[in-house]
Every structure is written in C-alpha cells, then in structure tokens.
Amino acid sequence: MSKSGHTKLEKLYRLTYFMDISLFLKAASDMLAALPTKSEHKITKPRKNVSYGELKKFQEYRTQLDNCCYQLFQIIQDCTNRGLLPHTLIEEVKEISQKIQSERFRISVLGEFSQGKSTLLNALLGEEIQPVREIPCTGMVTVLKYGIKKRVICRYKDGREEEIPFEQYQLKVTISEDAALGCLSDELVDNEIDEIVFEHPDLELCSSGVEIVDSPGLNEHPERTAITQKLLKDTDAVIFLTNASHPLTQVERGFLKDVRTQLNPGKENQPATNLFIVGNFIDLVRTEKGREQVQKKIEIFVQGQNPIVAGENRVHFISAQAALDAILRGTEDEYLKAFQHFTQSLEKFLTFDSGRVKIKHSISKINRVIEKGLYLLSQSEDILNGKIQISKTEKYKILEQIGEASGYDIKVRYIANILKKEASVPAKNAYDKWRENLNSCMKAKSEKWFSKHSPVFNQENLIQDYVNQFRRDLSQEIDAQVNNTLTSGILKEYIDKLDLEIAMILKVIQGKVNKLNQQIPTQWSDPLYLEISGINDNFIGDRALWGGIGIGGATAIALIVFAGLGLTPVLILAGLAAGMVGEIGSGMIGFNGINDQIKRKVCEIGIQNLDKLKIDQELNKIVGSVFNSRVESASRVIAEAIALYENLLEQQEKAHNETLEQREAEKMWIYQKRQELEQVQNGLEVILSKCTSDSKN
C-alpha cells in the first residue's frame, strides 16, 4: 500500500477512535446523571444534631452559682475593707468560684484499637474531626473541649505548650501506617507529646460543658494502658467500646474489671455507676436472633452475679458510623434513634447524677462561707452594742493565743516530717523485698509469654512481643506493689497517726476558742467549728488516702518507667541485638532453647534499666505528697483561727475610737450586709430546689 494510503487509513482510524470515545463519554455521562448522587456528606439540608438541653440547663445552674459567688465576694470584700470580716473569707470565696468556673464534665472513651472510638467521638460531636481508618489510628491522648475559637494546642511531656495550625491536627494525633501495622515502638512510645487539646466554638456537646478524652487503643502496648488508667482519675463518665459482632474478648473482660477497680478506689468489688458499655458495629449483626444473643452475652457479664456496672441504661448497642452518616445527612433512622437513646442516657447521668452532686457540693461550700460571715457580722454588732468588752488582760490573752496558734502550725509540719521519715523506712524495706523477688517473679511470668513469630526467621518481631509482655507484667507488679502494700498497709498506718495528731491539735484550738467565748461572748467559735468539721470530713474514710496515692501513685510510677526515663523496647532490642541475636545466628544456642534465652535476656535487660530509674525515690515523692496535702489543709484552719483573733482585736479598737453616731451608722450598714448575705443564701436554695425538681421529672 502506498504511503498516502497508510495516511488515510490512520486518519480514518483516529477519527473512528475519538468518535467512539466521545460516544462512550456521553453515554457514561448520561448514566451518571440518571443515577442517585453519591453522598459525600455534603449537607443538602440542616444536620440532625443531637441536642443536649439538660446539659445546657446544668450550665445555667453553674452560671447562677458563679453569680452567687460573685455577689458573695462583693459583700465579703466590702466587709473586709471595713474591718468586719477576716481576709481568709475572700480567699475561700475565690477558690470556690474558680472551682465552679472550671467545672466541666469529663468523658473518657476507652476500648481496644479499631473499635470505632474516633467514629463515636465524631458522632457525639456531629462533625468529622477525629481521624478514622481500619487500622490503629489515634496515637495519643486527645482532649476535645469548647473554646471561643477553633485552635489546637500540643502539650509536651516536658511542660511546654504549642499552638499548631488546625491543618496539622489530624497529622499530629495519628500514628503512621507503618507503626500501626508493625507496632514500631520508637513512634508509639518515644513521642514527646503528652496530649493534644482541640478547642472548637461550635461543637454542641462540648459547648454544653463537656470535655471528651479520646484515649489510645488498649493492650497493644502497656504504656498506653498506663496512660489510659491515668485518665480515669478525673473522669465523670467512661464509655467502653466493644465490637458487637465479637463482643467482650477475654482481654476486654479483664480490662473492664480493672476499670471498675480504678473507678471505685477502696471499693474494688462494687459495680461502677459511671461506666457505660457500648456495643458498636451492631449493623454488622444482621439477624434479630444474633442481636438478642449479643445483648444477652454482654448483659450477663457486666450486670450478672459479679456486676461491672450499676444504674439504668448503662448498656447500649449502636452503629457509630451509621449514626454519624444520618447526622451529617440530616435524616433519621433506627441507628440514629439508638444513638440518641445512648446520648440521652449519658446526658441524664451527667446532669442528674454527677451534676446534681457537683451542684450540691458547691452550694454546701458557699453556704459554709455565708454562715461564717453571718456569725462574724453578728459578733460585730455585739461589739458595737457594747456586749463584747475586751480588757487589757484579755487582749494579752488573745495575743498569746495568736502566738500559740502559729506554734501549732509549726508543730503540725514538724510531726508530718517525722512521720514521713518514719514511713519511708518500712516503705523502702517493702520496696527492697519486692525488688528482691522481682527477678524470680518476672521469670515465672515470662513462662506464659507467647509469640506467633519464629525465634529464627522473625527475631525482631518475636523480641518485640516479649518486650511488650515484659512491660505489661512489670506494670502490673508495680501497680500491685504501690496499691496493695503501701496503700492498705504501711502508708495508711502513718497517715492515720498524722490525722489523729491534726484532729487533736484542732480540738485544742477549738477548746481555747470556746473558753475565750465564755470570757468574751463572741460568735466566732461557730465559723471555726464549720471549718474544722470540713477538714475532718475530708479525712474520713479511705478515699482521701486513695486520692493521694492509689491509682494516681501507681500510674504515675508506671508512666515514669514507660514514658519518662527511657525504658523502651528500642533499648532492650539494642541489648538483645548485641548479646543475643549474634548467638542465635552462629548456632551457639539450640533451636529449642532460643525462646527461653530470649525471654531471659528481656527480663535481665529490662530489670537492669528499671534499677537505673530509682523507683523507690519516686515512690517517696508520692508518699510525701499525701502528707503535704493534709498539712496544708490543717494550716488553712489554723490561719483562719489566727485571722479571727486578729479581726476581733481590730474591731474592738475601731469601736472604741468611734462616736455614738458612727457606731449607729455602722450597725445599719452591717444590717444591710446581713440582709444581702441572706438573699444570696435564698438564691442558693432556689437553685437547689430547681435542680432537685428537674432530676425528679
């Protein structure tokens, strides 16, 4: 064929080709136009957000309480400036107000990797904020909270804080796919970020006074579990997610029992009232029979003979993804209804159980300040009316009492220091005994370690598995050492001694005040009694002791071991690579003995690193903090006693120098302030009545 013939054929072929393509594209376009548009969560109508009316109502009560605090502060400040009330009352009101303003409900979301925690959070928030994927995703503790503007704050383990661009948020909180798939310890453990705080002005739940904590997945690495346990200390409610298609694995059951213990310090076997069990992915259980079986299986375990949870509506079955899809589309289906039932149960608990307790506690503290103010203003009237006369002898006696009270403060601190030193000896002995048995204990535990990897062909993966199991078992041993030995035995004995000494000293102070009241008919033994009874309430029972060292102490040490001072699998792997892997490769160790040798090396190197950390010293610091908290509480009472003495002398001096007309004007002013205090008190009763009424409806 001629060259021109080839050219014509080529042109004809190209024309036909492009005509076919054009026709194909047109046909495809027509087909796509006829199909329903795929939703990519583009909102075509308003989102069907879950409303939180009861939580908003609680926030209104909180605002009203803070307003009461502000009114009280103004009244007391006016009276203090006039020399009628001691300055300690101002500090007391400030402390209460700060507590109320910072009061938030804190919800912790727990569960193993890939159970849908991040998707649940997105559904709770009504917005796709948390990163989601099929493999382990969230790499650190993330706190979602309300803020006046959208911003992200990184808090580092060394105390630094850094605001980062919003675009970097998901990148920061997400571990790499390599780390998620291969459990690479250098990324999972050695991250310098402690937590990431995400603030947003438009999140419905967070704007209703809730902070949500998204925890790393459990049980992949022991240090992650230690971090998660730390979160339980200050939480109001815990949501535990399990996969409804294969719910409550043996590992999850063990963890739930541990969560129950952490949430009930001192009452380990009692069910937790603030724990919600959520079976996610219920949409994957297709048959009604299957759903009934799943529900029965979970309820038997968590609410059976040895219940994990207590309270109404503590077990729920949802599909977080289906609920989120419905929220973003603005539609309603069975999954959204189930999700709303869950959120309403959670809201009811936060407001009517936890919230009502918070409000009652705040009202009680505010009322205590008001009562002290009323007592002391009544005393001021008695001074102005001449009912209280202080002679020179009595004045010297009061000055002597001030000196004695200062001495009592020094005495409390002295006794506490002695008891701290005395407690450190048996504590150190207990630690040494524990450490002496640690080698054999860990060796025995290592016999139960398991890895699916080959000791010859997958050495690093096998070693990594054993490192993780070593860290898990060591964490449990440390936890048991702190909680069982110290909390229930050695430490409690010395704390009880300190509490007894403080109670005796405060009783002496109260007795001296009562005796002085008989000589000079003052009113201020009553406010001092209120303060002393308050400190005694704090010392009753084991909760104060547990709050000082219990879960906080054990977990703090575990975090030091695993996150703060360098005991990482990387170091252990390095030691094993130098001293062990070479022996394996050269054939110096028989195949059957390789596993035992690797386990022995893991224990040996791990415990060597543990000894470098001086855990006993960290333990002493935690023990010291328990003593110090009690000393500071006692010192505040003594400082108030001194302030009452000083205020009495100042008022007597002032009344002595005033004219009759000035004293009458002062009495009218005091009467007005007493009325204002009673108005604040009445306002508190109204808030409490409304709160109680709401909880019954």
Side-chain angles (χ1 to χ4, degrees), residues 50 54 107-117 119-121 123-124 212 215 217-219 225 228-229 231-232 235-265 267-324 326 333-354:
V50 180
E54 295 301 332
I107 301 174
S108 295
V109 183
L110 307 181
E112 292 188 284
F113 277 128
S114 303
Q115 299 301 314
K117 295 191 301 298
T119 305
L120 173 67
L121 260 67
L124 286 171
I212 307 177
S215 67
L218 304 175
N219 301 317
T225 302
T228 303
Q229 289 174 344
L231 301 179
L232 299 179
T235 195
D236 290 283
V238 172
I239 301 171
F240 184 86
L241 257 68
T242 185
N243 192 323
S245 61
H246 45 84
L248 295 185
T249 64
Q250 196 62 37
V251 172
E252 287 178 320
R253 291 178 180 228
F255 183 74
L256 273 175
K257 291 178 181 178
D258 184 52
V259 169
R260 177 183 61 184
T261 299
Q262 305 289 355
L263 293 175
N264 287 314
K267 303 174 182 178
E268 294 82 359
N269 294 322
Q270 292 188 14
T273 59
N274 57 343
L275 177 58
F276 290 78
I277 312 297
V278 177
N280 194 18
F281 306 114
I282 192 63
D283 51 330
L284 300 182
V285 184
R286 297 298 185 183
T287 66
E288 191 64 33
K289 180 71 172 178
R291 295 189 180 194
E292 290 177 2
Q293 290 173 339
V294 167
Q295 182 173 347
K296 186 175 181 180
K297 178 180 179 180
I298 292 179
E299 288 179 348
I300 286 175
F301 176 72
V302 302
Q303 295 176 324
Q305 291 184 344
N306 186 20
I308 302 294
V309 301
E312 294 183 0
N313 298 319
R314 295 298 190 267
V315 180
H316 295 266
F317 299 90
I318 67 168
S319 169
Q321 185 62 60
L324 176 60
D333 57 23
E334 61 175 308
Y335 297 114
L336 181 58
K337 289 179 180 178
F339 182 75
Q340 289 174 332
H341 178 59
F342 160 62
T343 58
Q344 288 166 4
S345 301
L346 183 63
E347 180 185 30
K348 182 179 179 181
F349 167 77
L350 291 176
T351 51
F352 299 144
D353 295 344
S354 180

Worksheet item: Nearest heavy-atom pair of R314 and T273: which atoms, and what distance?
Response: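 In terms of heavy atoms, the two residues are closest at NE-O, 2.8 Å.
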Worksheet entry | Nearest heavy atoms of R286 and D283, plus distance in Å |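 So the two residues come closest at NH1-O, 3.2 Å.
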Please report the interatomic distance [atom1]([X]) to [atom2]([Y]), rounded to the nearest 0.5 Å.
{"X": "F339", "Y": "Q321", "atom1": "CZ", "atom2": "CD", "result": "11.5 Å"}
{"X": "L110", "Y": "Q115", "atom1": "CG", "atom2": "CD", "result": "12.0 Å"}
{"X": "L324", "Y": "Y335", "atom1": "CG", "atom2": "OH", "result": "14.5 Å"}
{"X": "E299", "Y": "I308", "atom1": "CD", "atom2": "CD1", "result": "14.0 Å"}
{"X": "E334", "Y": "I282", "atom1": "CD", "atom2": "CD1", "result": "9.5 Å"}
{"X": "K348", "Y": "D353", "atom1": "NZ", "atom2": "CG", "result": "8.0 Å"}

Does the side chain of [X] reach to within under 4.5 Å of the side chain of [Y], using non-hydrogen atoms?
{"X": "N280", "Y": "I318", "result": "yes"}
{"X": "L275", "Y": "V302", "result": "no"}
{"X": "R260", "Y": "K257", "result": "yes"}
{"X": "F276", "Y": "N313", "result": "no"}
{"X": "F281", "Y": "L241", "result": "no"}
{"X": "I277", "Y": "L256", "result": "yes"}
{"X": "I239", "Y": "L346", "result": "yes"}
{"X": "N274", "Y": "D236", "result": "no"}

Discussion item. Given the ring of F301, does R253 sit roughly above its face, with NZ or CZ under 6.0 Å from the centre of the six-membered ring and within 45° of the axis?
Written reply: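 Yes, a cation-pi geometry holds between R253 and F301.
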Mark yes or no for whether [X], through its side chain, and [Y], through its backbone, hold a donor-acceptor pair below 3.5 Å.
{"X": "E54", "Y": "E347", "answer": "no"}
{"X": "T119", "Y": "A320", "answer": "no"}
{"X": "N264", "Y": "Q270", "answer": "yes"}
{"X": "R291", "Y": "K289", "answer": "no"}

Fill in: K337 atom NZ: more than 12 heavy-atom contacts under 6.0 Å
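No, NZ of K337 has 12 or fewer neighbouring heavy atoms, counting only those of other groups under 6.0 Å.
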